[in-house]
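Just so you know, these numbers come straight off a predicted model, no measurement behind them.
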Amino acid sequence: QVTLRGSGGGLVQAGDSLRLSCVVSGWIFSNVRMGWFRQAIGSEREFLATISRSGNLRSSADSVKGRFTISRDNTKSTVYLQMNNLKPEDTAVYYCAASSKVVLTTTPDDYEYWGQGTQVTVSS
């Protein structure tokens with residue numbers, strides 16, 4: 001059984017940083033492409049970033065480019081999302097997701113497995 005366990009969310013002030021983590025089990029992690037999404041209340045799920053199996057290729061949404069960075073450690077079966085200079089509009093539930101597809105895509109439907117979500121709240 002494949003499980004994704006996300007952590008690292010919390011309540012921070014504008015301008016602060018957070019690092020989200022997501023540990024994958026039940027799958028050979030180096031065969032998995034990973035992504036991060038978020039969903040604010042009343043909004044659709046939004047793509048943030050994705051990283052290839054080896055970690056050599058990455059893609060980020062324009063809305064977070066320069067502030068958010070995705071990375072992975074295949075020895076720990078873990079993907080990270082470093083978030084800097086957080087803003088109140090970053091408040092949302094953040095989800096990690098795993099895909100067996102090779103191509104880097106931003107579409108939630110291309111990801112087979114999802115974490116439970118971790119809440120990030122940014123106060124002004």
Side-chain angles (χ1 to χ4, degrees):
Q1 181 179 355
V2 178
T3 60
L4 283 67
R5 189 175 304 277
S7 62
L11 172 62
V12 298
Q13 294 186 332
D16 285 351
S17 297
L18 275 177
R19 188 176 79 158
L20 304 183
S21 301
C22 177
V23 180
V24 179
S25 59
W27 211 347
I28 300 175
F29 188 67
S30 58
N31 289 344
V32 177
R33 181 168 60 81
M34 298 298 299
W36 284 98
F37 293 76
R38 69 184 178 189
Q39 188 166 18
I41 295 175
S43 299
E44 294 186 352
R45 193 160 295 189
E46 176 190 10
F47 165 78
L48 297 176
T50 185
I51 189 167
S52 64
R53 299 170 181 181
S54 65
N56 290 339
L57 297 176
R58 309 176 193 191
S59 178
S60 299
D62 289 342
S63 60
V64 300
K65 198 164 291 184
R67 296 192 302 124
F68 291 10
T69 302
I70 189 171
S71 63
R72 66 189 293 160
D73 185 339
N74 285 355
T75 67
K76 297 180 179 179
S77 298
T78 302
V79 63
Y80 304 98
L81 185 68
Q82 178 67 43
M83 306 185 294
N84 298 329
N85 190 24
L86 284 161
K87 304 175 181 180
E89 51 264 41
D90 293 320
T91 295
V93 177
Y94 284 68
Y95 298 90
C96 57
S99 173
S100 61
K101 297 185 182 296
V102 174
V103 178
L104 296 182
T105 75
T106 66
T107 306
D109 288 347
D110 286 339
Y111 293 80
E112 292 100 320
Y113 297 97
W114 293 80
Q116 81 282 11
T118 183
Q119 176 71 45
V120 173
T121 303
V122 185
S123 63
S124 58

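- Two residues are said to be in side-chain contact when any heavy atoms from C-beta on lie closer than 4.5 Å; Phe68 and Trp36 fail this criterion.
- For the 3.5 Å distance criterion, the side chains of Ser99 and Asp110 fail to qualify, holding no donor opposite an acceptor.
- Between the side chains of Thr75 and Asp73, a donor-acceptor pair is found at a separation under 3.5 Å.
- Separation of atoms CG (Asn84) and OG1 (Thr69) is listed at 6.5 Å; rounding is to 0.5 Å.
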Derivation of the side chain to side chain contact (heavy atoms under 4.5 Å, CB included) call for Arg5 and Val24: CA-CA 7 Å; Arg5 189 175 304 277; Val24 179; over 6 Å; no

Expected list for residues 39-55: side-chain donor-acceptor pairs under 3.5 angstrom, two or more places apart:
| unit_1 | atom_1 | unit_2 | atom_2 | d |
| --- | --- | --- | --- | --- |
| Gln39 | OE1 | Arg45 | NE | 3.4 |
| Gln39 | OE1 | Arg45 | NH2 | 3.3 |
| Gln39 | NE2 | Ser43 | O | 3.1 |
| Glu46 | OE1 | Arg38 | NE | 2.8 |
| Glu46 | OE1 | Arg38 | NH2 | 3.4 |
| Glu46 | OE2 | Ser63 | OG | 3.2 |
| Thr50 | OG1 | Arg33 | NH1 | 3.1 |
| Thr50 | OG1 | Met34 | O | 2.9 |
| Thr50 | OG1 | Tyr111 | OH | 3.1 |
| Ser52 | OG | Gly55 | N | 3.4 |
| Ser52 | OG | Asn56 | N | 3.3 |
| Ser52 | OG | Leu57 | N | 3.0 |
| Ser52 | OG | Leu57 | O | 3.4 |
| Arg53 | NE | Asn31 | O | 3.2 |
| Arg53 | NH2 | Ser100 | O | 2.8 |
| Ser54 | OG | Asn56 | N | 3.3 |
| Ser54 | OG | Asn56 | ND2 | 3.3 |

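- Here the CD-CD1 distance, from Gln82 to Ile70, works out to 12.5 Å after rounding to the nearest 0.5 Å.
- Contacts of Arg67 classified as salt bridge (Lys or Arg N to Asp or Glu O under 4.0 Å), with partners at least two apart in sequence or in another chain: Asp90.
- In terms of the side-chain hydrogen bond (donor to acceptor under 3.5 Å, both in side chains) criterion, residue partners of Thr121 (sequence neighbours excluded) are, by chain and number, Gln119.
- Cluster annotation: Leu104 and Tyr80 are assigned to distinct hydrophobic clusters (Ile/Leu/Val/Met/Phe/Trp/Tyr, side-chain heavy-atom contacts under 4.5 Å, transitive).
- Two different hydrophobic clusters hold Val120 and Leu11 under the rule that ILVMFWY side chains link at heavy-atom gaps under 4.5 Å.
- In this structure, the salt bridge (Lys or Arg N to Asp or Glu O under 4.0 Å) partners of Asp62, at least two apart in sequence or on a different chain, are Lys65.
- In terms of heavy-atom proximity, Ala98 sits nearest to Leu4 at N-CD2, 3.8 Å.
- The side-chain hydrogen bond (donor to acceptor under 3.5 Å, both in side chains) test applied to Asn74 returns Arg72, not counting sequence neighbours.
- Hydrophobic clustering places Met83 together with Val12 (ILVMFWY residues linked when any side-chain heavy atoms are closer than 4.5 Å, directly or through intermediates).
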Yes or no on side-chain hydrogen bond (donor to acceptor under 3.5 Å, both in side chains) for Ser21 and Thr78, after CA distance, side-chain angles and deciding distance? CA-CA 7 Å; Ser21 301; Thr78 302; over 6 Å; no

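- Note on Val122 and Leu81: same hydrophobic cluster, where clusters join Ile, Leu, Val, Met, Phe, Trp and Tyr whose side-chain heavy atoms are under 4.5 Å apart, directly or indirectly.
- In plain terms, the two heavy atoms of Gln116 and Tyr95 that are nearest each other are O-CE2, 3.8 Å.
- For Tyr113, the ring-ring contact (aromatic ring centres under 6.0 Å, His included) partners at least two apart in sequence or on another chain are Trp27.
- The shortest non-hydrogen separation linking Asn85 to Ser17 is N-OG, 4.1 Å.
- When all heavy atoms of Pro88 and Ser124 are compared, the closest pair comes out as CG-CB, 3.8 Å.
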